[in-house]
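Lettering of chains follows the sequences in order, A, B, ..., and the numbering in each one begins at 1.
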Amino acid sequence: MSQATGIKEIIKPENLVYKKTKVMTGKVLSYCPGCGHGTTHRILAEVIDEEGLQSETIGVSPVGCSVLLYEFLDIDWQEAAHGRAPALATAIKRLLPEKFVFTYQGDGDLAAIGTAETIHACNRGENIMIIFINNGIYGMTGGQMAPTTLPGMKSSTSPYGRDVKMMGNPLKMTDIVATLPGTYYVTRQSVHTPANVKKAKKAIRKAVQYQKLNRGTCFIEIVSNCPSGWKMTPVESNKWMEANMFPYYPLGDLKVPAEENPQKQTNPEKND
Amino acid sequence: MAKIRGSIVVDIERCKGCEVCMVSCPTGTIAMAKEVNHKGYFYAFPANPDLCIGCANCAIVCPDGVITVYKTKI
Ligand SMILES: Cc1ncc(C[n+]2csc(CCOP(=O)(O)OP(=O)(O)O)c2C)c(N)n1
Ligand code: SF4
Ligand code: SF4
Ligand code: SF4
Ligand SMILES: [Mg+2]
């Protein structure tokens, strides 16, 4: 069989194994090449689609590079002021408890200006999902230092590297919220390899299902890249992330529901 | 003997040339084009289409979600 006929025979509807979900609107994403925001949007959209929740979901979008998120997922949305997404999501979920409600926030949004909203929503155990994209930087505004910027990491406002004596240590928001009784499921994932994408998608699916149980806040950190802010190619940025971000922000579950796995609640086990 | 054969379709005008798919492909099917799309990106394409096994690694890791995957037994 010639190569050309071979391929024509393969590209047929009955052989389709992967195509973009209908929950993605199809608009061209506003992100830089290789940015993990896009991958995270897509797996979130896939879970919403596969769980049959497209018409039952209300998202709260942040300020940051993902400010236009409401353009990219075809669900109901509310745009929040910078950092306030968990407060808005609280109101939405309390008024419309049957809906699936989530926030999607960067580290500048969630761990800087929105620290109070994050911690208090988690402490109240609001029955929402929070997706936290931690790229260690304010991507949107030009790569300024964030509370999550690594020790020694260069940014536009720490050109010689973050000096922890002067600027403090990176804030591990996910570790903090895992200590609060209000959180039900807390995990840290990434989306830079196929295997990690699959794990992150599984985590999102769990959080979606847990929300039906009304047991508290599900918090998913995605350690992600910012090739533009880090001034690297996308592939380099993913390698740098593995070498530098993961030791400080190790991937795995920080808190799993006690009834699902009694040992893990007190003795969290890393899944990597 | 039946052989698994895959094929990908890249929406080249929406590809941003990030190369994340290329480094995630276990079979070396994907390469970056020597020419650019209308946005100026060196887009990804199946340079060695016969090698594709339809595993969808490239598609699930593509930040812009521009790859569609097909698979069959031949
Ligand atoms: C009240 C207010 N303060 C400051 C800003 C400026 N601002 C816009 S985005 C941003 C930080 C974004 O960083 P992050 O949340 O990490 O998102 P990323 O772009 O990295 O995904 C800041 C400080 C703003 N828009 N509104
Ligand atoms: S600036 Fe960084 S976070 Fe923002 S789209 Fe570009 S790569 Fe992504
Ligand atoms: S489907 Fe798998 S083998 Fe085919 S191009 Fe994509 S990653 Fe490579
Ligand atoms: S991962 Fe997607 S956007 Fe990046 S080069 Fe491959 S096809 Fe293009
Ligand atoms: Mg950020």
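More than 12 non-hydrogen atoms from other residues, nucleotides or ligands lie less than 6.0 angstrom from NZ of A:Lys12. Atom NZ of A:Lys19 has 12 or fewer neighbouring heavy atoms from other residues, nucleotides or ligands inside a 6.0 Å radius. Residue-environment remark: NZ (A:Lys202) stays at or below the threshold of 12 foreign heavy atoms within 6.0 Å.
In this structure, A:Lys20 and B:Arg14 approach most closely via the heavy-atom pair NZ-NH2, 3.8 Å.
In this structure, A:Ile10 CD1 and B:Cys52 SG are separated by 7.5 Å, a value rounded to the nearest 0.5 Å. Expressed to the nearest 0.5 Å, how far CG of A:Asn196 lies from OG of B:Ser24 amounts to 10.0 Å.
Contact tally against chain A (heavy-atom pairs below 4.5 Å) for B:Cys55, B:Pro63, B:Cys18, B:Gly65: the top residue is B:Pro63. With chain B as the partner, the residue from A:Pro227, A:Gly26, A:Pro13, A:Cys32 showing the most heavy-atom pairs under 4.5 Å is A:Gly26. Options B:Thr72, B:Ile60, B:Thr68 differ in how many heavy-atom pairs under 4.5 Å they form with chain A, and the most are formed by B:Ile60.
For chain A, no part of B:Val66 is nearby; none of its heavy atoms comes within less than 4.5 Å. If you measure heavy-atom distances from A:Val28 to chain B, the contacts under 4.5 Å come from both the backbone and the side chain. Both the backbone and the side chain of B:Ala59 come within contact range of chain A, with heavy atoms under 4.5 Å apart. Both the backbone and the side chain of B:Val20 come within less than 4.5 Å of a heavy atom in chain A. In this structure, chain B has no heavy atom under 4.5 Å from any part of A:His37.
A distance-only check finds a donor-acceptor pair linking the side chain of A:Arg42 to the backbone of B:Cys62 [under 3.5 Å]. Listed for the B:Arg5 side chain is no donor-acceptor partner under 3.5 Å among the backbone atoms of A:Ile7.
Residue pairs that meet the salt bridge (charged side-chain N to carboxylate O under 4.0 Å, His left out) test with at least one member in residues 63-74 of chain B, sequence neighbours left out, are B:Lys16-B:Asp64.
A:Pro33 places a side-chain heavy atom less than 4.5 Å from the side chain of B:Tyr41.
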Audit row: A:Val17, B:Tyr70, side chain to side chain contact (heavy atoms under 4.5 Å, CB included) steps and yes/no | CA-CA 5 Å; A:Val17 285; B:Tyr70 298 85; 5.7 Å; no
Is there a side chain to side chain contact (heavy atoms under 4.5 Å, CB included) between A:Val235 and B:Met22 once you walk through the steps?
-> CA-CA 10 Å; A:Val235 172; B:Met22 186 174 76; over 6 Å; no
What's the verdict on side chain to side chain contact (heavy atoms under 4.5 Å, CB included) for B:Asn57 and A:Thr193, showing C-alpha distance, side-chain angles and the deciding distance?
-> CA-CA 8 Å; B:Asn57 272 5; A:Thr193 70; over 6 Å; no
